Amino acid sequence: MAFWMASAVGLTIAYLLGSIPSGYLAGKLIRGIDIREHGSKSTGATNVLRTLGKWPAFVVLLVDILKGVGAVVFARWFYPWFSTVSSGTPPTALDLQSLEPWAVCLAGLAVLLGHGRSVWLNFTGGKSVATGLGVLLAMSWPVGLGAVAVFGVTLAAFRIVSLSSILAALTAIALVCGLEQPLPYRLLVIAGGIYVIARHRTNIRRLLAGTEPRLGKVA
């Protein structure tokens with residue numbers, strides 16, 4: 001019972017953390033614009049780069065990554081704490097080993113959903129790539145670093161952010177399935193990777209048509 005109560009609270013907090021509209025706030029604070037009306041109309045760091053410049057994009061990217069990291073760190077701290085408070089006794093090591101990965105999985109999905117469907121932006125948002133990277137790095141750094149490496153190499157070779165993001169998501173899925181990882185982590189990365197790819201469906205159509213813009217060009 002404590003696990004489900006903790007999960008409900010944790011899911012809400014992780015979703016609200018993901019919902020912080022960093023790209024939208026950057027547009028309002030720096031130029032007084034709604035970034036959803038410019039460029040690709042996304043609130044992600046790539047559109048911030050095209051619309052506002054390098055430093056705002058860097059800050060938005062960092063904040064979005066930290067949202068993912070924060071959701072995982074919070075889940076790992078909150079569940080044992082809540083279990084202790086609600087029952088009066090700390091959970092056993094076996095309980096933590098079996099249930100904590102599920103708490104992390106749920107928090108990771110919630111923060112991704114919050115970023116892509118922010119309650120503060122009428123359930124619009126970014127494509128959850130940076131936030132997903134934060135989740136990966138906090139949850140399993142080898143998987144996260146592998147995804148970063150593929151993203152970086154692809155971006156350097158083709159200068160297409162969407163293609164780099166899609167290949168990074170596929171790499172994360174392959175790595176989490178190939179490495180020793182708990183089942184909840186595998187399910188999270190598979191579900192999160194599919195979600196990120198699905199959020200790029202418009203980009204995929206442009207990639208197939210050969211019209212997807214490269215960095216330095218307007219979306």
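These numbers were taken from a predicted model, which means no experiment stands behind them.
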Task: Leu11 vs Leu109, side-chain contact (heavy atoms from CB on, under 4.5 Å): CA-CA, chis, key distance, verdict - done: CA-CA 8 Å; Leu11 279 172; Leu109 287 174; 5.9 Å; no
Open item on the list: If hydrophobic clusters are built by linking Ile, Leu, Val, Met, Phe, Trp and Tyr wherever their side-chain heavy atoms come under 4.5 Å apart, do Val69 and Val135 end up in the same one?
Closed with: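 Different clusters.
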Task: CH2/Trp55: more than 12 non-hydrogen atoms of other groups inside 6.0 Å - done: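 Atom CH2 in Trp55 is not crowded, with 12 or fewer foreign heavy atoms closer than 6.0 Å.
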Task: Tyr195 OH: over 12 foreign heavy atoms closer than 6.0 Å - done: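 Above 12, so yes.
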- [ ] For Leu52 and Ile33, run side-chain contact (heavy atoms from CB on, under 4.5 Å): C-alpha distance rounded to whole Å, both residues' side-chain angles, the deciding distance at 0.1 Å, then the answer.
- [x] CA-CA 10 Å; Leu52 303 176; Ile33 62 172; 4.1 Å; yes
Sidechain-backbone polar pair: [X] side chain, [Y] backbone, donor-acceptor under 3.5 Å:
X      : Y      : answer
Thr12  : Ala8   : yes
His200 : Val196 : yes
Thr154 : Ser164 : no
Arg117 : Gly114 : no

Under 3.5 Å donor-acceptor pairs involving side-chain atoms of residues 170-185, not counting sequence neighbours:
| unit_1 | atom_1 | unit_2 | atom_2 | d |
| --- | --- | --- | --- | --- |
| Thr171 | OG1 | Leu167 | O | 2.8 |
| Gln181 | NE2 | Ser140 | OG | 2.9 |
| Tyr185 | OH | Arg76 | NH2 | 3.0 |

Measure across [X] and [Y] and return the closest heavy-atom pair with its distance rounded to 0.1 Å.
X     : Y     : value
Asn47 : Ser40 : OD1-N, 3.0 Å
Ile35 : Gly23 : CG2-O, 3.9 Å
Lys67 : Gly18 : NZ-O, 2.9 Å
Pro56 : Gly53 : CD-O, 3.6 Å
Val60 : Ala26 : CG2-CB, 3.9 Å

Donor-acceptor pairs are to be reported for all side-chain atoms of residues 119-130 against protein atoms at under 3.5 Å, with residues two or more places apart or in another chain.
| unit_1 | atom_1 | unit_2 | atom_2 | d |
| --- | --- | --- | --- | --- |
| Thr124 | OG1 | Arg36 | NH1 | 3.3 |
| Thr124 | OG1 | Leu121 | O | 2.7 |
| Ser128 | OG | Leu112 | O | 3.1 |

Task: For Leu49, side-chain contact (heavy atoms from CB on, under 4.5 Å) partners two or more places apart - done: Lys54, Ala57, Leu215
Can you tell if the side chain of [X] reaches within under 4.5 Å of the side chain of [Y], non-hydrogen atoms only?
X      : Y      : result
Ile160 : Leu207 : yes
Leu137 : Leu145 : yes
Leu188 : Trp102 : no

Open item on the list: Would Leu155 and Val161 count as a side-chain contact (heavy atoms from CB on, under 4.5 Å) here? Give the steps.
Closed with: CA-CA 6 Å; Leu155 186 62; Val161 175; 3.9 Å; yes
Open item on the list: Is a donor from one side chain sitting under 3.5 angstrom from an acceptor on the other, for Ser22 and Asp64?
Closed with: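 Yes.
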- [ ] Give me the ring orientation class for Phe78 and Phe74: parallel if the planes are under 30° apart, tilted from 30 to 60°, perpendicular past 60°.
- [x] parallel
